[in-house]
Amino acid sequence: MTTDIQQQLSELQEQLNYHGHLYYVEDNPELPDAEYDRMMQQLLALEAEYPELISSDSPSQRVGGKPLSAFSQVQHEIPMLSLDNAFDDEDLDGFEKRLKDRLTANTTVNYSCEPKLDGLAVSLMYENGVLVQAATRGDGTTGENITQNVRTIRNVPLRLQGSGWPQRLEVRGEVFMPKLGFEKLNQTNEKKGEKTFANPRNAAAGSLRQLDSKITATRPLSFYAYSVGVMSDSFGDSHVGRLEQLKEWGVPLSSEVKRVENLEEVKAYYQDISNRREALPYEIDGVVIKVDDVATQERLGFVARAPRWAIAYKFPAQEEITLLEDVEFQ
Ligand SMILES: NC(=O)c1cnc(OC2CCCC2)nc1N
């Protein structure tokens, strides 16, 4: 009896994960929303009848349990470092000179280029393909356990797709609030006489710091991966290749990630993203340039607080009044 129910449950979960991925990650749904909702209702009803069969990675388990009294701490096995900044082409030339001085002469260096998402850095730990923990960057060594809140972010996979992922895999990336979702949230809060947020980054921070994940679940948050932390088995020899592998496993990436072959192309990428910045659906404050080859990254290592092999190439600060809005801990 239960095996038949279990069969029904896992089929529903598989369907909902597949269609959820198309809708939230690929932004290319195959099913009408009503059809998806009907399937979800079916799953919820079955799980209500057989609660012992509910698994933590079931699509029904996105909205967490009761509110926390506080966030517990998480020690990052590999520090989450910040980035050095470049503000003009000369700074960028200096970045390349410093790294080439440390490599054997005329090593060709390919770079990965990514938009510098203006949200919050988070770490997602997957064990056997299942999301088991999510944490803020914190001070780089110690962060807050925000697993319940991150599980409510619809494009964060609760379970990796495909196969071949390492038994332990840490995905690092940025949680952000897309511009449209931010505008809508502020309009709604305005109408309800509730506080509005100064910018999408503050809104994302405020939403992630909710002790009640049912509130987080109502906020339009999104996640894009930008690096890998812990991995019980290493994979990929290029940064962009690793990100593409994460995408295969169902992890969302910015569509603007690109590999280029030299610094001239990096500068062209920077100019192109700068020209299109206002039209992007999310806020950015520059681009992030990384040495693409993993072995070369490892040879270059890190200086005190940031890697020698990566730099944030920032846009000039925009003239705007930055309200010193403090993000309240709810
Ligand atoms: N805000 C971003 O979009 C972003 C931040 N950090 C990184 O890389 C980390 C990992 C290796 C050096 C720093 N990449 C990014 N795209």
Side-chain angles (χ1 to χ4, degrees), residues 76-86 92 95 98-99 109-125 135-141 143 153 155-156 169-179 199-205 208 221-231 234 236-247 251-260 266 269-270 272-274 276-277 280-315:
H76 296 299
E77 293 171 39
I78 298 173
M80 291 181 76
L81 298 172
S82 53
L83 284 159
D84 235 353
N85 292 329
L92 210 57
F95 167 67
R98 286 193 302 280
L99 68 89
V109 177
N110 289 340
Y111 295 100
S112 83
C113 300
E114 307 161 32
K116 187 171 180 298
L117 300 163
D118 196 4
L120 286 97
V122 294
S123 153
L124 309 180
M125 187 65 80
T136 62
R137 178 179 172 280
D139 62 7
T141 310
I153 303 173
N155 75 339
V156 169
L169 171 63
E170 181 190 12
V171 174
R172 293 178 169 186
E174 200 87 356
V175 170
F176 60 94
M177 189 175 290
K179 293 174 184 172
N199 53 54
R201 193 205 166 284
N202 282 10
L208 274 187
L221 294 175
S222 192
F223 171 80
Y224 281 152
Y226 57 57
S227 84
V228 178
V230 170
M231 44 186 145
S234 184
D237 53 12
S238 101
H239 175 69
V240 171
R242 277 181 170 172
L243 293 185
E244 284 164 351
Q245 178 59 74
L246 290 182
K247 189 157 173 58
V251 176
L253 305 179
S254 162
S255 55
E256 301 291 349
V257 172
K258 184 179 179 188
R259 178 188 293 120
V260 301
V266 165
Y269 177 88
Y270 172 87
D272 170 48
I273 295 285
S274 177
R276 293 192 287 117
R277 181 183 186 184
L280 290 176
Y282 41 78
E283 286 203 343
I284 62 173
D285 58 349
V287 298
V288 178
I289 312 304
K290 299 167 186 171
V291 168
D292 188 47
D293 181 68
V294 171
T296 308
Q297 286 183 5
E298 279 156 13
R299 273 173 61 196
L300 290 165
F302 302 82
V303 287
R305 63 185 190 90
R308 275 202 189 84
W309 44 267
I311 196 158
Y313 187 176
K314 305 286 285 270
F315 294 137

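Every number for a ligand or one of its atoms is a count from 1 in the order of the listing. Numbering of residues begins at 1 and proceeds along the displayed sequence. Fair warning: this is a prediction, and the values are worked out from it, not measured in the lab.
- In plain terms, the two heavy atoms of Glu170 and Ser123 that are nearest each other are OE2-OG, 2.6 Å.
- Considering only non-hydrogen protein atoms, atom 16 (N) of ligand 1 sits nearest to Glu114 OE1, 2.8 Å.
- Distances from atom 11 (C) of ligand 1 to the heavy atoms of Tyr226, Tyr224, Trp309 put Trp309 nearest.
- Using bins of under 30°, 30° to 60° and over 60° for the plane-to-plane angle, the ring pair Trp309/Phe302 lands in the perpendicular bin.
- Any N or O atom pair closer than 3.5 Å counts here, and Lys116 shares no such pair with ligand 1.
- At least one N/O-N/O distance between Leu117 and ligand 1 falls below 3.5 Å.
- Proximity of Lys290 to ligand 1, defined as any heavy-atom pair under 4.0 Å, is confined to the side chain (atoms from C-beta onward).
- Of all atoms in ligand 1, numbered sequentially from 1 with element shown, those under 4.0 Å from a heavy atom of Glu174 are 1 (N).
- Ile311 pairs in a side chain to side chain contact (heavy atoms under 4.5 Å, CB included) with only one of the listed residues (Val287, Leu92, Asn85, Leu83), which is Leu92.
- Residue contact check for ligand 1: Pro115 places a non-hydrogen atom closer than 4.0 Å to it.
- The aromatic rings of Phe315 and Tyr270 are tilted relative to each other, their planes meeting at an angle between 30° and 60°.
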* Asked: Yes or no on side-chain contact (heavy atoms from CB on, under 4.5 Å) for Arg242 and Ser234, after CA distance, side-chain angles and deciding distance?
  -> CA-CA 10 Å; Arg242 277 181 170 172; Ser234 184; 3.1 Å; yes

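- A centroid separation of 6.0 Å or more is found between the aromatic rings of Phe95 and Tyr313.
- By the criterion of a heavy-atom distance under 4.0 Å, neither the backbone nor the side chain of Tyr282 is placed next to ligand 1.
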